[in-house]
2 protein chains.
Amino acid sequence: MTVLQDRDARREVLLAAADRVVQRDGASASMAAIAAEAGITKPILYRHFGDKSGLYAALAERHTDSLLDALVDALTGGGTPRERVHRTIDTYLATIEQQPQVYRFLVQSEEAASAHGQVRGFLRRLQELLAAGIAHELALEAEDLRSFVWAAGIVGMVQSAGERWLEVQDCSRDALAGLLTDLLWGAYGSSAD
Amino acid sequence: MTVLQDRDARREVLLAAADRVVQRDGASASMAAIAAEAGITKPILYRHFGDKSGLYAALAERHTDSLLDALVDALTGGGTPRERVHRTIDTYLATIEQQPQVYRFLVQSEEAASAHGQVRGFLRRLQELLAAGIAHELALEAEDLRSFVWAAGIVGMVQSAGERWLEVQDCSRDALAGLLTDLLWGAYGSSAD
DNA sequence: TGACATCTGTTACCGCCGGTAACACCGTAG
DNA sequence: CTACGGTGTTACCGGCGGTAACAGATGTCA
C-alpha cells in the first residue's frame, strides 16, 4: 500500500510549502501561490484538502499541536499557580513573537473557518484546553460555566494584549506576561476598589 | 454651498444603505450589494469613500460613537468600581447581542483595515478609551504601560467571551457579565492559589 | 446665444481570487 | 491490445475590489 504512504508524504510536502508561503506572504496567502511554491497546480491542492478552509484546518492543526504541547507543559510544570500561569502566557507570547505571520494566519483562519463551516480552529482548541485546565485547577465540575467563560476570556485577553504588543513592542516579553498575570490575579480590581 | 450639504446628506444615505446590507448579509457585504441597496452604482460609492476600508471606517465610526458614549456613561456612572465595571461589560454585551451582524462586521473591518492601512477601528478605539479610563481610575501616569496592556487585555477578554456567548448562549447576559467581572477581580487567581 | 469646463452618473472593463470541469497521460489488469 | 483508475494539466466559471472611459446635465464666461 505505498499509495497511502505516498499520499501522506505528499500531504506533508504540501503543508510544508503552504507553511513557507504563509511565512512569506502572511495571512493573504493564496491557493495558487501555495500550489506554485509546491511546484504543482491548484486542482491537486484541492484534491488533497478539498477546500481552502480544509488546508487552513490542516495547517492550523500542525502548528497548534506543538504549541498546545508546549502550553500544557508550561501549565502543568512546577511552581506556584502564579508562576505556572506566568510561564504559560510567556510560552504563548514567545510563539507569536517568533512566528507572527503564521500566528496571524491561524487566527484569521479561525474566523474564516468558523464563519463558514464547523472547523475547530486554533483559538477554539486553545479555549477547550484551557477550560479543562481551569476545571482541573479549581476542582470544578466539568460542565461548570466558569471554566468555559474564563477560558474564553483569558485566551482573548492574552491574544489581544499579545497582538498589541507585537505591533508596538513597548516592553519585554517577560514584563508583558507579568502584567497579564497581575491582571488575572485581580491587580485591576483590587486597585480600583 | 448646497453642494457640500448634498454631499454630506448623500453620504448619510449611503451609510444607511450600507448598514442595511450589513445587517442582512453579515460581514461579507460586498460593495456592489451596498451600491445596489442604495440605488446607485459602484463608482459613486468609491468616489465617496475611496476604498472599501474607507467605507468600513466610516461605518465603524458611526456605530462606535454611540457605543462609546454608552460605555463611558456606564463606566463613569454611580456605584462601586465593581458595579460600574459590571454595568460597562453588560452594556457592551447588550450591544453585540442586539446587533451581532454589525458587530461582526466591525471586528472584521478592524482586521482588514489594520492589516492594510492605518485606520483606527472599532476595537482600537475601545482600547484607547478604556486605557484612559483605567489610567484615571487607578491614578496612573498617562504613559503607564499598565493602562495600555490591561485595556487591550480586558477588551480582548470581553470580546472573546462575548463571541463565545453569542454562539452558545448558555447563560444570561447578566450572569456572563458577572463572571467576567469576577475574573477581573482575581476570581481565578485567588481560587488557584 | 454658443463654447467650455465641471460634476454626476453610467457601462464596461481589469486582475485576482476560490473553485471546478474536462481532458491528457500512464502504469496496470484482463 | 484494450480497458481502466489515478495523476496531472489547461482552461474556464462566477464574484470580488477597483477603475478607465465615456454620456449627460449644469453653470460660467465670451
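On a predicted model such as this, the values are computed, not experimentally measured, just so you know. To find a chain, count down the sequence lines: A is the first, B the second, and so on, and within it residues start at 1. Only heavy atoms go into these numbers, but all of them, side chains included; no hydrogens, no water, no symmetry mates.
One atom, OH of A:Tyr46, and another, C1' of D:dT7, lie 18 Å apart when rounded to the nearest Å. Distance CG (B:Leu55) to P (D:dC16): 15 Å, rounded to an integer number of Å. Taking atom CD1 of residue B:Ile34 and atom P of nucleotide D:dG15, one finds them 17 Å apart after rounding to whole Å. Residue B:Asp51 contributes atom CG, which lies 7 Å from atom P of D:dT19 at whole-angstrom precision. Taking atom CZ on A:Phe49 and atom P on C:dG19, their separation rounds to 13 Å, with Å as the unit.
Partners of B:Thr91 under the side chain to side chain contact (heavy atoms under 4.5 Å, CB included) rule, at least two apart in sequence or in another chain, are B:Ala70, B:Leu71, B:Ala74. Take A:Phe148 and apply the ring pair (Phe, Tyr, Trp, His ring centres under 6.0 Å) test, not counting sequence neighbours, and it matches no residue. The salt bridge (charged side-chain N to carboxylate O under 4.0 Å, His left out) search around A:Arg173 returns A:Asp90, A:Glu97, not counting sequence neighbours. For B:Glu83, the side chain to side chain contact (heavy atoms under 4.5 Å, CB included) test picks out B:Thr80, with sequence neighbours left out.
Although no hydrogens or angles enter the test, the distance criterion places no donor-acceptor pair under 3.5 Å between the side chain of B:Trp150 and the main chain of B:Ala131.
Scanning residues 20-32 of chain A for heavy-atom distances under 4.0 Å to DNA chain D yields an empty list.
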At a cut-off of 3.5 Å, list every protein nitrogen or oxygen paired with a nitrogen or oxygen from nucleotides 9-11 of chain C, distance to 0.1 Å.
| residue | atom | partner | partner atom | Å |
| --- | --- | --- | --- | --- |
| C:dG9 | OP1 | B:Arg10 | NH2 | 2.4 |
| C:dG9 | OP2 | B:Arg10 | NH2 | 2.6 |
| C:dG9 | N7 | B:Arg47 | NH2 | 2.2 |
| C:dG9 | O6 | B:Arg47 | NH2 | 3.3 |
| C:dT10 | OP2 | B:Thr41 | N | 3.3 |
| C:dT10 | OP2 | B:Thr41 | OG1 | 2.4 |

Chi angles and distances behind the ring pair (Phe, Tyr, Trp, His ring centres under 6.0 Å) call for B:Phe105, B:Tyr56:
CA-CA 8 Å; B:Phe105 178 81; B:Tyr56 277 165; 4.8 Å; yes
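For the residue pair A:Glu163/A:Tyr103, the side-chain donor-acceptor check at 3.5 Å is satisfied.
Using a 4.0 Å cut-off between a side-chain N of Lys or Arg and a carboxylate O of Asp or Glu, B:Glu12 and B:Arg7 do not qualify as a salt bridge.
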